[in-house]
Number of protein chains: 2
Amino acid sequence: MRFHSPSIQYFHAVRRTGSIRAAARVLNVASSAVSRQILKLEQEVGSPLFERNARGLTLTTVGEMLARHVMNVLQDLDRFRSDVQSLSGTWHGTVSIACIESLTESVLPDLIASHRGRARRVSFTTEVKGSSDVLEALSRGEADIGIAMALRHPPDLRQAALKRFRLGAVVAREHPLARRKTVTLAQCFAFPVIHALPELSIYHLLQPLIAQLPETPEPAIQVNSIDLMRELAARGVGVAFQTQLGIGRLSREGQLVFLPLDNAGSPVWSDLGIYVRAERTLPAYTESFLQELVRELGERERRENAAYPHVA
Amino acid sequence: MRFHSPSIQYFHAVRRTGSIRAAARVLNVASSAVSRQILKLEQEVGSPLFERNARGLTLTTVGEMLARHVMNVLQDLDRFRSDVQSLSGTWHGTVSIACIESLTESVLPDLIASHRGRARRVSFTTEVKGSSDVLEALSRGEADIGIAMALRHPPDLRQAALKRFRLGAVVAREHPLARRKTVTLAQCFAFPVIHALPELSIYHLLQPLIAQLPETPEPAIQVNSIDLMRELAARGVGVAFQTQLGIGRLSREGQLVFLPLDNAGSPVWSDLGIYVRAERTLPAYTESFLQELVRELGERERRENAAYPHVA
DNA sequence: ATAGCTGCTGCCGAAACGGCATCAATATGT
DNA sequence: ACATATTGATGCCGTTTCGGCAGCAGCTAT
């Protein structure tokens with residue numbers, strides 16, 4: 001089933017590993033074979049594809065162009081393979097997901113479990129990253145589906161869906177704020193606050209709002225793990241900020257209370273985007289999971305926004 | 001620059017020609033070489049790609065899937081080539097257009113002439129077909145850009161733009177109807193009418209309206225050429241039907257008069273769609289022309305609908 | 001029945017591929 | 001500063017693959 005010339009497979013491996021010898025190890029061939037294929041390729045294209053640094057290879061501009069083409073080819077080959085297999089009845093493959101941390105508590109495990117229940121032959125690989133890293137992984141062809149904060153995405157990605165969830169304060173059941181319906185940022189800052197570090201995307205959502213506050217609040221606890229943030233809040237250490245997506249189980253068990261943020265009378269939204277490579281047609285099993293993911297997130301968006309109606 | 005394995009190039013040629021020996025002639029190789037590559041390919045895929053009829057080869061289902069993949073690969077290779085060339089300053093390639101006849105009088109020649117004036121190295125091939133043939137040519141990878149009546153298009157095509165033009169009656173300057181502002185179908189059928197045959201898309205636009213008329217009009221002249229239709233109308237033979245797009249020159253010279261159709265108080269629209277293959281990223285020069293085409297058609301749409309305001 | 005087409009298949013020379021050993025250049029560790 | 005390790009490139013050589021030639025059988029149209 002590998003009817004494409006070795007050159008492009010070798011090129012692909014070299015681009016990913018950043019070294020000819022490393023690529024050769026992955027491909028189980030001699031490094032000379034890889035070296036030659038790359039040289040031949042450069043001769044065909046008429047331009048160098050890599051810059052030879054002493055420590056390995058990096059793509060030139062033309063190399064990046066070819067990388068895009070090769071990625072398109074190999075990903076479309078995957079789709080073709082899956083099409084053929086689904087024709088012959090078998091239905092297996094691997095769905096590769098890159099997503100931000102707030103999905104790992106409930107959405108993703110629920111979905112993967114239910115999907116695996118129905119299609120045992122479909123396997124998953126998931127990588128948790130920051131929002132911009134998610135988009136980059138997608139661009140580099142290292143993931144099929146990406147879920148990230150809806151930043152401005154590069155043109156080689158397509159936003160398959162956009163769901164917005166209310167951002168809110170998260171406090172322990174016993175916290176003084178816990179009996180309110182909504183809270184303002186100012187009210188939260190009357191208490192110790194658990195801050196997100198800039199590597200978490202909540203930081204970028206809250207920062208402009210915090211900057212508008214009349215007085216800069218005292219430095220509070222800062223963390224870079226949503227899980228840690230959640231557990232700290234559950235222990236009454238302070239007020240954390242999250243969408244309800246990210247606090248599922250502890251919320252269901254009644255330990256945490258979610259209080260929608262009220263910013264001068266209007267809600268604060270956290271936009272979650274689902275992304276795929278724009279130039280790619282997904283394999284059937286991936287497309288199938290993607291649609292489930294979009295449906296599920298839409299369902300949660302509907303439910304949660306109904307539970308906490310807008311402050312008109 | 002041909003760094004893809006011979007198999008897929010050979011497969012592509014065989015699919016297009018429908019015969020191994022014919023493909024071999026096109027490729028300038030021995031037919032045995034082609035035959036072997038196809039057999040090897042079928043062994044790799046694990047399923048026959050063609051059905052061997054005594055008179056040549058036709059694709060199997062798996063073959064059609066592979067054909068789609070190969071088309072994606074080769075078209076994306078074209079894009080890559082053009083990307084590299086545009087990086088090195090040179091800018092040439094061929095834009096292949098499939099369109100319906102109503103564009104050939106003014107829109108297309110104007111656009112191509114002006115584009116060639118600016119980019120001498122970009123060449124064009126244009127094929128005039130019926131609307132459904134246009135879409136099929138696009139699907140088969142035989143054209144880059146398609147312009148056709150906006151029918152329901154297959155999922156492998158993407159509608160890059162949709163422009164609507166008013167359908168109208170076209171009569172000679174001296175025709176009794178020529179002094180009206182608008183006409184109804186009934187009014188037209190008081191005179192001899194030049195009908196379009198079913199192979200022209202105007203037929204399918206008018207047929208449902210004609211069917212609603214109280215009495216079936218007498219059989220009139222029937223033609224399958226817009227050019228002929230136009231020239232007949234100019235000679236006063238009867239009333240023809242067209243969008244104004246299709247009668248440019250004769251209208252400018254004052255020989256033909258365009259009368260927007262009035263169907264029970266509302267205009268009759270002819271929807272023109274611009275299509276490209278959905279799974280394809282266009283080369284830079286093609287994309288550039290596509291945008292010009294969309295802009296120009298949008299401009300004409302605006303002008304013409306301003307010249308003949310809606311019958312509110 | 002003949003002539004012309006189809007795709008397929010031995011045979012063989014030529015080209016491409018891959019493995020091994022080696023080289024020069026550079027980075028790293030002591 | 002020196003030794004060591006790692007990088008990509010290259011010459012040599014056996015193996016594999018590719019492609020051309022000629023001929024095969026099967027089918028169709030005349």
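To find a chain, count down the sequence lines: A is the first, B the second, and so on, and within it residues start at 1. No experiment lies behind these values; they were computed from the predicted model shown.
As rounded to whole Å, 13 Å separates atom P of C/dC8 from atom CG of B/Leu41. The interatomic distance linking B/Ile20 (CD1) with D/dA25 (C1') rounds to 15 Å, in whole Å. Nucleotide D/dC18 holds its P atom 14 Å from the CD1 atom of B/Ile8, rounded to whole Å. Rounded to whole angstrom, the span from the CZ atom of B/Arg52 across to the P atom of C/dG7 amounts to 9 Å. Rounded to a whole Å, the CG atom of B/Asn53 is 16 Å from the C1' atom of C/dC8. Between the CD1 atom of B/Ile38 and the P atom of C/dT9 there is a distance of 14 Å, rounded to whole Å. If you take CZ of B/Arg25 and C1' of D/dG19, they are 18 Å apart, rounded to a whole angstrom. Atom-to-atom, CZ of B/Arg2 to P of D/dC18 comes out at 16 Å; the value is rounded to the nearest Å.
The backbone N or O of A/Gly56 lies less than 3.5 Å from no partner atom in the side chain of A/Ser19, so there is not a single donor-acceptor pair. With A/Thr60 contributing its side chain and A/Leu49 its backbone, the two residues share a donor-acceptor pair below 3.5 Å. Judged by distance alone, with hydrogens and angles left aside, the side-chain atoms of B/Ser96 form a donor-acceptor pair with the main-chain N or O of B/Glu142 at under 3.5 Å.
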Take A/Glu42 and A/Arg52, measure what salt bridge (Lys or Arg N to Asp or Glu O under 4.0 Å) needs, and give me the verdict at the end. CA-CA 13 Å; A/Glu42 289 179 323; A/Arg52 270 74 168 178; 2.8 Å; yes
Report the C-alpha distance between A/Asn72 and A/Arg277 in whole Å, list the side-chain angles of each, state the deciding distance to 0.1 Å, and finish with yes or no for side chain to side chain contact (heavy atoms under 4.5 Å, CB included). CA-CA 9 Å; A/Asn72 289 344; A/Arg277 280 200 67 214; 3.0 Å; yes
Return a single string for nucleotides 14-30 of chain C, one symbol per nucleotide in 5' to 3' order, where B is base contact, S is sugar-phosphate-only contact and - is none, cutoff 4.0 angstrom on heavy atoms. ---SSBB-----SS---
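Residues B/Phe3 and A/Phe11 place their aromatic rings such that the two centres sit no closer than 6.0 Å.
Within the 4.0 angstrom heavy-atom criterion, only backbone atoms of the sugar-phosphate kind lie near A/Leu57; the bases stay farther away.
Checked against B/Leu103 for a side-chain contact (heavy atoms from CB on, under 4.5 Å), the options B/Thr126, B/Leu272, B/Val128 give a single hit: B/Leu272.
Annotation: side chain of A/Glu105 is in contact with side chain of A/Arg230 (closest heavy-atom distance under 4.5 Å).
Between B/Ser35 and C/dG7 there is no side-chain N or O to OP1 or OP2 distance below 4.0 Å.
Using bins of under 30°, 30° to 60° and over 60° for the plane-to-plane angle, the ring pair A/Tyr275/A/His153 lands in the tilted bin.
Direction of the helix axis in the helix from C/dA1-D/dT30 to C/dT30-D/dA1 shifts by 40° between the two five-pair termini, rounded to 10°.
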